[in-house]
Structures are given as C-alpha cells and as structure tokens.
Amino acid sequence: MNIHEYQAKELLKQYGAPVLGGGIAYTAKEAEQVAKDLGGPVWVVKAQIHAGGRGKGGGVKVVKSVEEVKKIAAEMIGMTLVTHQTGPAGKVVNQVYIEDGCAIANELYVSLLVDRETSRIAIIASSEGGMDIEKVAADTPEKIITVTIDPASGLSGFHCRKVAFAIGLTGKVAGAAAKVIASLYKAFVEKDAAMLEINPLVVTEDDQVVVLDAKMGFDGNSLFRHKDVVELRDPTEEDPMELEAAKHELSYIKLDGSIGCMVNGAGLAMATMDII
Ligand code: ADP
Ligand code: MG
C-alpha cells in the first residue's frame, strides 16, 4: 500500500526528519489559505498522486505570490496528470500540497528497500539526485551506492556516515545527512515499510539538509498492526477491481488490458504469470 508525499512527510517528521512547512488543499480557496498561513515569499504547488515524475509532467510549480498559488491550484485540481510513472492514462489530481520553497544547492538521492537477495534492508544513495535518477541508473550506475544492514545488529552510525560520505558530503552537512538517514531507517522498520524513496534529499544554499520529496509504500501483510497507516489509504489511487477483491480476501492483481491474475499461492502465481 502506498501513500501520498504529504502523508509520508508528516510521518517522517514524527521521526525527526527535516521537512519544510506545508499544507494540503482540496480546493483553490483552501490553497490560498494555506499559502497565506505559510507566509512565503516562495511556495511550491505539488500535485498529490501516487506516482513520481510530477515535476516533468507539470505537477510541481514554483510560484511567488498567493494569487499565483490559487491560480495554479485551480488548474491542477481536477486535471489528469500524465508522467512516465502513471502510464498513458494518467492520474486525476484530487489534492495539492502547498509547500515552502527553498533554495537548492544540491539534489541527492536516498532510498530504502527490502533487498530479497541479501534478506536485508538496503540503503541506496547517489550524489546525482533529482528528476533524472533513472538516467543515472542506466548510464552511470557507478554513481549509485548500496549499503545493506544486518537485521541482527541493526543500523549503526557508521552505516549512515558511510552513505553520507559516499554521496560526496563532508563536515556538518554529512553529519546532518547521517542523522536524516537514521531517522528514515527507524521509520522504515517501525512502520514495516516496503520502500521509502527520498528524491531529492537536498542540501540548501544555507547548508540545511531537507527531505524535499517522499514516496513510501508498506508491506500489505503488516497492515493489520498499523491502523494509523491504513487510515492513510487513498482508495481513489487504487484499482477498483483490486479493492473489491481485497474486501473478499482474494489475492487479485490487475494487469494491462483485460487481464488479471487471481491465484491462491506463490508458486501458482508465478506459474500463471509465466503463462500470461
Ligand atoms: P517528482 O519527483 O514527482 O518530479 P519532486 O517533489 O521531486 O516531484 O519535485 C520535482 C523537483 O521540484 C525537485 O527535484 C526539486 O528540484 C523541485 N522542488 C520540489 N519541491 C520543492 C520545494 N519545496 N522548494 C524548491 N524546489 C522544489
Ligand atoms: Mg521526486
């Protein structure tokens, strides 16, 4: 189960991760009020959909007046946003997040996931964060580093420092980034996340380390013990047929076109996928 950027930021904030001020809006009028409360002078209007690539698709706009926030919010709410992660049909934007703007000096990449090969949580990081991370992975994979954590001994300070130094940080900024990484790891473990991607993690012009984007997904099998996470579910982001199947405790995955996969065991699921 995935959640929105603004929800992930709220959750990470509880673990001490540094996020900017912001508020959610379902109408242009609400957006205007949030912008006034934040105070400016720069705001970023961000479409909230369960997909990345929003910046390139027109779903992230930097603005410099409350009127502009209102205007952009009015345009974004209700629009269908197409990004390289939504597929050609795109996704309807039902709400926008209005966030304080910041002056970015450096965009980094940090993500955590469960690495099935090593049966460990892996921290994946790069100095080349931002909107072209897929290109970095394809053209210069050596710029992406991976550190895995032994679950028996858990995360140590040296893991965090190793990641911070590997992505080119030094001094106080490296120390601040190491702290952020430790808070991300704690949130990941305690909430039974399946993946957490911060792209970008930024260093601002005044040397602050800030979580500027956040994508978070949870292990569906753990949701029974995370009522707070289940409350963050946005049914409009999920396939209606998968939702209906889940109500009846059926494992059903919608695939492209008119195909779906409904099976009752991992081996049969894999064999069925192979046949499809
Ligand atoms: P996506 O990954 O879906 O494109 P992001 O949240 O990563 O969306 O935003 C895209 C880009 O917009 C970021 O890489 C960053 O350069 C810029 N950006 C996002 N939020 C802010 C902000 N609060 N202040 C300044 N720039 C921002
Ligand atoms: Mg991003």
Side-chain angles (χ1 to χ4, degrees), residues 2-13 17-25 31 34-35 37-66 68-69 72-73 75-77 79-87 90-113 124-138 143-144 167 177 180 184 195-217 234 237:
N2 297 326
I3 59 174
H4 288 292
E5 171 198 7
Y6 80 95
Q7 296 170 322
K9 283 179 170 172
E10 259 164 39
L11 193 154
L12 295 174
K13 197 175 159 187
V19 296
L20 298 171
I24 195 74
V34 173
D37 293 344
L38 288 171
V42 180
W43 299 263
V44 183
V45 183
K46 309 183 78 173
Q48 297 297 293
I49 55 169
H50 285 187
R54 296 164 302 162
K56 284 191 172 166
V60 177
K61 293 264 163 70
V62 180
V63 295
K64 293 195 170 136
S65 71
V66 172
E68 250 185 303
V69 170
I72 298 288
E75 284 168 18
M76 266 187 205
I77 296 168
M79 81 184 244
T80 301
L81 186 58
V82 180
T83 80
H84 64 88
Q85 287 187 11
T86 59
K91 284 196 165 184
V92 176
V93 179
N94 293 319
Q95 68 264 61
V96 292
Y97 187 51
I98 317 297
E99 190 174 57
D100 281 325
C102 74
I104 300 169
N106 195 0
E107 299 203 7
L108 311 163
Y109 176 95
V110 178
S111 69
L112 281 81
L113 51 81
I124 296 162
S126 177
S127 56
E128 313 296 309
M131 294 194 276
D132 288 314
I133 191 69
E134 285 87 359
K135 196 169 164 6
V136 177
K143 288 189 176 159
I144 297 177
I167 56 178
V180 176
L184 299 178
M195 71 93 186
L196 172 57
E197 184 183 60
I198 310 301
N199 185 31
L201 177 74
V202 301
V203 181
T204 63
E205 281 175 2
D206 53 357
D207 277 351
Q208 303 297 310
V209 177
V210 179
V211 169
L212 214 60
D213 188 10
K215 230 176 155 190
M216 196 166 189
D234 180 352
E237 286 283 347

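Read the numbers this way: they start at 1 and go in the same order the structure lists the ligands and their atoms.
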*Could you see which bit of Glu99 sits under 4.0 Å from ligand 1, with heavy atoms only: side chain, backbone, both or neither?*
side chain

_Let me confirm one number: the CG-CD distance from Asp213 to Glu107, rounded to the nearest 0.5 Å._
10.0 Å

*For Lys56, is at least one N or O under 3.5 Å away from an N or O on ligand 1?*
no

*Does some non-hydrogen atom of Thr83 fall short of 4.0 Å from ligand 1?*
no

*Per-residue contact class, Val62 against ligand 1 - non-hydrogen pairs under 4.0 Å*: neither

*asked:* Between Lys9 and Glu99, does any side-chain N to carboxylate O distance fall below 4.0 Å?
replied: yes

*Please determine if Glu5 has a nitrogen or oxygen closer than 3.5 Å to a nitrogen or oxygen of ligand 1.*
no

*Which of the atoms in ligand 1, numbered in the order shown and given with their element, are less than 4.0 Å from a heavy-atom of Asp213?*
1 (P), 2 (O), 5 (P), 6 (O), 7 (O), 8 (O)

*asked:* To make sure I understand the geometry: which N, O or S atom in Asp213 is closest to the Mg ion (ligand 2)?
replied: OD2

*Apply the test side chain to side chain donor-acceptor pair (under 3.5 Å) to residues Gln48 and Lys91: give CA-CA distance (whole Å), side-chain angles for both, the deciding distance (0.1 Å), then the verdict.*
CA-CA 10 Å; Gln48 297 297 293; Lys91 284 196 165 184; over 6 Å; no

*Report, in ascending order of atom number, the atoms of ligand 1 lying under 4.0 Å from any heavy atom of Gly101.*
24 (N)

*Pull out every atom of ligand 1 sitting under 4.0 Å from any heavy atom of Pro200, numbered as shown with elements.*
7 (O), 13 (C), 14 (O)

*To the nearest 0.5 angstrom, please state how far the CH2 atom of Trp43 sits from the CG atom of Leu20.*
14.0 Å

*Within Met131, is some N, O or S atom less than 2.8 Å away from the Mg ion (ligand 2)?*
no

*Identify the protein heavy atom lying closest to atom 24 (N) of ligand 1, giving its residue, its atom name and the separation to 0.1 Å.*
Cys102 N, 3.1 Å

*Protein heavy-atom partner closest to atom 6 (O) of ligand 1 - residue, atom, separation in Å*: Lys46 NZ, 2.7 Å

*In the protein, which heavy atom is nearest to atom 9 (O) of ligand 1, and how far is it?*
Val60 CG2, 3.8 Å

*Would you call Asp100 and Val42 a side-chain contact if the rule is heavy atoms closer than 4.5 Å?*
no

_Within-shell test, Ile104 vs ligand 1, heavy atom, strictly < 4.0 Å_ = yes

*Does Glu237 reach the main-chain N or O of His50 with its side chain, forming a donor-acceptor pair under 3.5 Å?*
yes

_atom 16 (O) of ligand 1 [closest protein heavy-atom partner, distance rounded to 0.1 Å]_ = Glu107 OE2, 2.5 Å

*Where is the nearest protein heavy atom to atom 4 (O) of ligand 1: which residue, which atom, and how far?*
Gly55 N, 2.8 Å

*Pull out every atom of ligand 1 sitting under 4.0 Å from any heavy atom of Leu20, numbered as shown with elements.*
23 (N)

_Heavy-atom nearest neighbour in the protein, as seen from atom 8 (O) of ligand 1, with distance rounded to 0.1 Å_ = Arg54 NH2, 3.2 Å

*Name the closest protein heavy atom to atom 10 (C) of ligand 1, giving the residue it belongs to and the distance to 0.1 Å.*
Met131 SD, 3.8 Å

*Any donor-acceptor pair under 3.5 Å linking the side chain of Asn199 with the backbone of Gly130?*
yes

_With rounding to the nearest 0.5 angstrom, report the CE to CG distance, Met216 to Asn2._
10.5 Å

*asked:* Is there a side chain to side chain donor-acceptor pair (under 3.5 Å) between Tyr109 and Glu197? Walk through the geometry before answering.
replied: CA-CA 8 Å; Tyr109 176 95; Glu197 184 183 60; 2.7 Å; yes

_Do Val44 and Val63 make a side-chain contact, defined as non-hydrogen atoms from C-beta onward lying under 4.5 Å apart?_
no

*Tell me which one of Ile98, Ile133, Val44 gets a heavy atom nearest to atom 22 (C) of ligand 1.*
Val44

_Distance filter under 4.0 Å to Gly52 heavy atoms, resulting ligand 1 atoms_ = 3 (O)

*Which residue owns the protein heavy atom closest to atom 18 (N) of ligand 1, what's the atom, and how far is it?*
Leu212 CD2, 3.8 Å

*Would you say Glu68's side chain and Lys64's backbone share a donor-acceptor pair under 3.5 angstrom?*
yes

*Does Glu5 pair with Arg54 as a salt bridge, N-O distance under 4.0 Å?*
yes

*Can any side-chain N or O of Ser126 pair as donor or acceptor with the backbone N or O of Gly129 at less than 3.5 Å?*
no

